[in-house]
Amino acid sequence: MSNRFQAPRGTQDILPDAQPYWAAVQDAIREVTRLYGYRRIDTPAFEDAALFEKGTGDTTDIIEKEMYSFTDRGGETLALTPEATPPICRAYLEHGMASWPQPVRLYTTHAMFRYDRPQKGRYRQHTQFDCEVLGSPDPLVDAEVIELLWRLYERLGIRNLAVRLGSIDDPGPRKAYVERLKDYFRPHLDRLSEDSRRRFDRNPLRLLDSKDDRDLPFKAAAPKLVEQLSPAAEAHMATVRGALESAGIPCVIDPLLVRGLDYYNRTVFEIVPTDDERAQGTIGAGGRYDGLIELLGGPPTPGIGFGSGIERIILEMQRNEVVFAPTPLTEVFIVHHGAAAAAVAFKLAVDLRSAGIPAVVGESGRSFKSQLRSANSSNARVAVIIGEAEAAKGEVMVKDLTGAGDQHAVAIAGAVSDVRQHLTA
RNA sequence: GCGGGCGUAGCUUAGCGGUUAAAGCGCCUGGUUGUGGCCCAGGAGAUCGAGGGUUCGAUCCCCUCCGCUCGCCCCA
């Protein structure tokens, strides 16, 4: 069995039974983005790898150890998109969106590729719903994107969520804070966990996020960034918070919230289930990135956005017991026997479909019983039965499958309208 | 990348160091002279995840690999 092909590690097939969830999410995304004035953009499945090295940051895990990069036959170094924000910023610059009315509100759903170790809710290929607002420094826009995401989840029947809000200030004040933080931890370095010693050099902000018992005593007394924000960042966060409150969205300030991407400043947030202990619980997260477009070679342009994993959204829907009524395979199932009847059956199906009525034809060579069993399991409401006798008389039998199975004969010429009448009755 | 658990028909599971590996659901066929659902009968379907080792003999014990899963790192 394992000689057979399998979907590559960390990828999955989305089978017909799961499709209603995907359709519901896509529909809700379309509706919610319409309400908030967003326009859709689609970017390529792969990009110049340097876009991510520069944009996402080449010290991030995403770039350092998770990027699917490759050299194509022409010698270009490309990467399957691990992240939606840099490509959208790239497109903003490439197509002169700075000359569009500002801000520009964009959304997409895009496959993301990251070479990390798969778990439930973490895949090597996943799909993200992503929104970006480019060209506005307004904290109300921060609140708007968070609210948009919240409404999406609400609409999909996901309950028990919480918004975790934080701020990582602007680069200058943050650097100063990081120095204070390192000064605080430096004397205790030899008593910290190995992970935290590594973080001390690589990503000091994450020191505060450690779950290691050895680090806990030091964490408690460490200076917290959200408690020492610059006045501008402080005011920004207060506005975001107030706006969320007015929207009726419960939000908690998380002083330890640190996003793993280099480009964030000020607002960072994530939305998590409150009743799930799993580590992969975060279903949506984002933040402000006022310096990113400039970093990519454009003019100073503020931006904010988020990504939300659709696979994780669906897992949450299922955990919230959102279910969909099974959709019937067809409306009319045509049963036939004999060569003449087969020809009539095929043509009748053609005519039904052109009249907008879904129709499926039974398998030639199978018995009536067998074909009617198929009709039954297809959940069709009507069976049309064409045997040799009917074919000879130029008639078909129309049988009701929803009740006791009443049936009546009708001339072939009148079959479509008879079936239609039956279905609308 | 690190550590733990799991892996038997399409699905959910039972089973035992030793003849032809079992059940339910699903699928196919039949019980009707041309007719569904319920019921009944029969059938197909598993090199017991893969490879190697121990053993007279392994689905069962050991190792490696693959996949899933839980935790860590990180992230959606």
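Proteins come first, then strands; the chains are lettered A, B, ... in the order of their sequence lines, and each starts at number 1.
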*Starting from C1' on A50(B), measure out to CZ on F5(A) and report it in whole angstrom.*
15 Å
*asked:* Take a 6.0 Å sphere around NE2 of H236(A) and say whether it holds more than 12 heavy atoms from other residues, nucleotides or ligands.
replied: yes
*Whole Å only: how far is the CG atom of D17(A) from the P atom of G10(B)?*
17 Å
*asked:* Any strand counts, and the cut-off is 3.5 Å on both contacts for Watson-Crick or G-U wobble. Which nucleotide pairs with U32(B)?
replied: none
*Between atom NE2 in H336(A) and atom C1' in G36(B), what is the gap in whole Å?*
16 Å
_Euclidean distance for C1', C73(B) against C66(B) (whole angstrom)_ = 23 Å
*For residues F185(A) and F200(A), establish whether the separation of their ring centroids is below 6.0 Å.*
no
*Taking atom P in both G34(B) and C39(B), what distance in whole Å separates the two?*
25 Å
_Upstream residue (5' side of RNA chain B) when D400(A) and P8(A) are each assigned their closest nucleotide_ = D400(A)
*Closest to the D61(A) side chain: G36(B), C66(B), C73(B)?*
C73(B)
*asked:* Treating primed atoms plus P, OP1 and OP2 as sugar-phosphate and everything else as base, which nucleotides of nucleotides 1-7 of chain B get B, S or - for protein heavy atoms under 4.0 Å?
replied: BBB----
*Do we see H337(A) stacking on the base of G34(B), given a limit of 5.5 Å between centres and 30° between planes?*
no
*For G71(B), what is the paired nucleotide under Watson-Crick or G-U wobble rules, both distances under 3.5 Å?*
C2(B)
_For R366(A), give me all partners under side chain to side chain donor-acceptor pair (under 3.5 Å), at least two apart in sequence or on another chain._
S370(A)
*Starting from C1' on A76(B), measure out to NZ on K120(A) and report it in whole angstrom.*
15 Å
*Quote, to the nearest angstrom, the P distance that separates G15(B) from U35(B).*
43 Å
*Integer-rounded Å distance: G36(B) C1' and E363(A) CD*: 17 Å
*Assign each of E83(A) and Q407(A) to its nearest nucleotide of RNA chain B by heavy atoms, then name whichever residue's nucleotide is nearer the 5' end.*
Q407(A)
*Taking OH from Y123(A) and C1' from A76(B), how many angstroms apart are they, rounded to a whole number?*
11 Å
*NA contact type, I283(A), heavy-atom cut-off 4.0 Å: base, sugar-phosphate, or nothing?*
sugar-phosphate
*Is it true that R151(A) and E147(A) make a salt bridge, defined as a side-chain N closer than 4.0 Å to a carboxylate O?*
yes
*In B/S/- notation, 5' to 3', how is nucleotides 24-33 of chain B contacted by protein heavy atoms closer than 4.0 Å?*
----SBBBB-
*Between K393(A) and E390(A), is there a salt bridge with N-O shorter than 4.0 Å?*
no
*Which base sits across from G18(B) as a Watson-Crick or G-U pair, both distances under 3.5 Å?*
C56(B)
*Decide whether T109(A) and Q128(A) meet the rule of one side-chain donor and one side-chain acceptor closer than 3.5 Å.*
no
*Could you walk me through whether D116(A) and R114(A) pass the salt bridge (Lys or Arg N to Asp or Glu O under 4.0 Å) test, one step at a time?*
CA-CA 6 Å; D116(A) 55 8; R114(A) 295 179 194 171; 6.0 Å; no
*Take Y107(A) and Y38(A) through the ring pair (Phe, Tyr, Trp, His ring centres under 6.0 Å) test and state the conclusion after the steps.*
CA-CA 6 Å; Y107(A) 80 96; Y38(A) 285 70; 7.3 Å; no
*C1'-based separation of A9(B) from C48(B) [nearest Å]*: 10 Å
*Indicate whether the side chain of R90(A) and that of T43(A) have a donor and an acceptor atom separated by less than 3.5 Å.*
no
*With both distances kept under 3.5 Å, what pairs with U64(B), Watson-Crick or G-U wobble?*
A50(B)
*Mind checking the C1' distance from G53(B) to A58(B)? Whole angstroms is fine.*
12 Å
_Distance check, P atoms only: G37(B) and G52(B), in whole angstrom units._
48 Å
*For G26(B), which nucleotide in any strand shown is its Watson-Crick or wobble partner with both distances under 3.5 Å?*
none
*In plain terms, say whether R319(A) and D275(A) are close enough for a salt bridge, that is, a side-chain N and a carboxylate O under 4.0 Å apart.*
yes
*Of the candidate nucleotides A76(B), G34(B), C68(B), which contains the atom at the shortest distance from the side chain of F368(A)?*
G34(B)
*Interatomic distance at P, G51(B) relative to C60(B), whole Å*: 12 Å
*Look at the side chain of E390(A) against the base of G34(B) and say whether a donor-acceptor pair falls under 3.5 Å; ignore hydrogens and angles.*
yes
_Separation of C38(B) P from N376(A) CG (nearest whole Å)_ = 7 Å
*asked:* Under a 3.5 Å cutoff, is there a donor and acceptor pairing between the side chains of T301(A) and E294(A)?
replied: no
_Nearest-Å distance for atom pair CD/C1', residues Q12(A) and G67(B)_ = 14 Å
*Consider only side-chain N and O atoms of S308(A) and Y153(A), and report whether a donor and an acceptor are under 3.5 Å apart.*
yes
*For G387(A), which contact category applies under a 4.0 Å heavy-atom criterion: base, sugar-phosphate, or nothing?*
base
_Inter-nucleotide P distance (A14(B), A23(B)), Å rounded_ = 16 Å
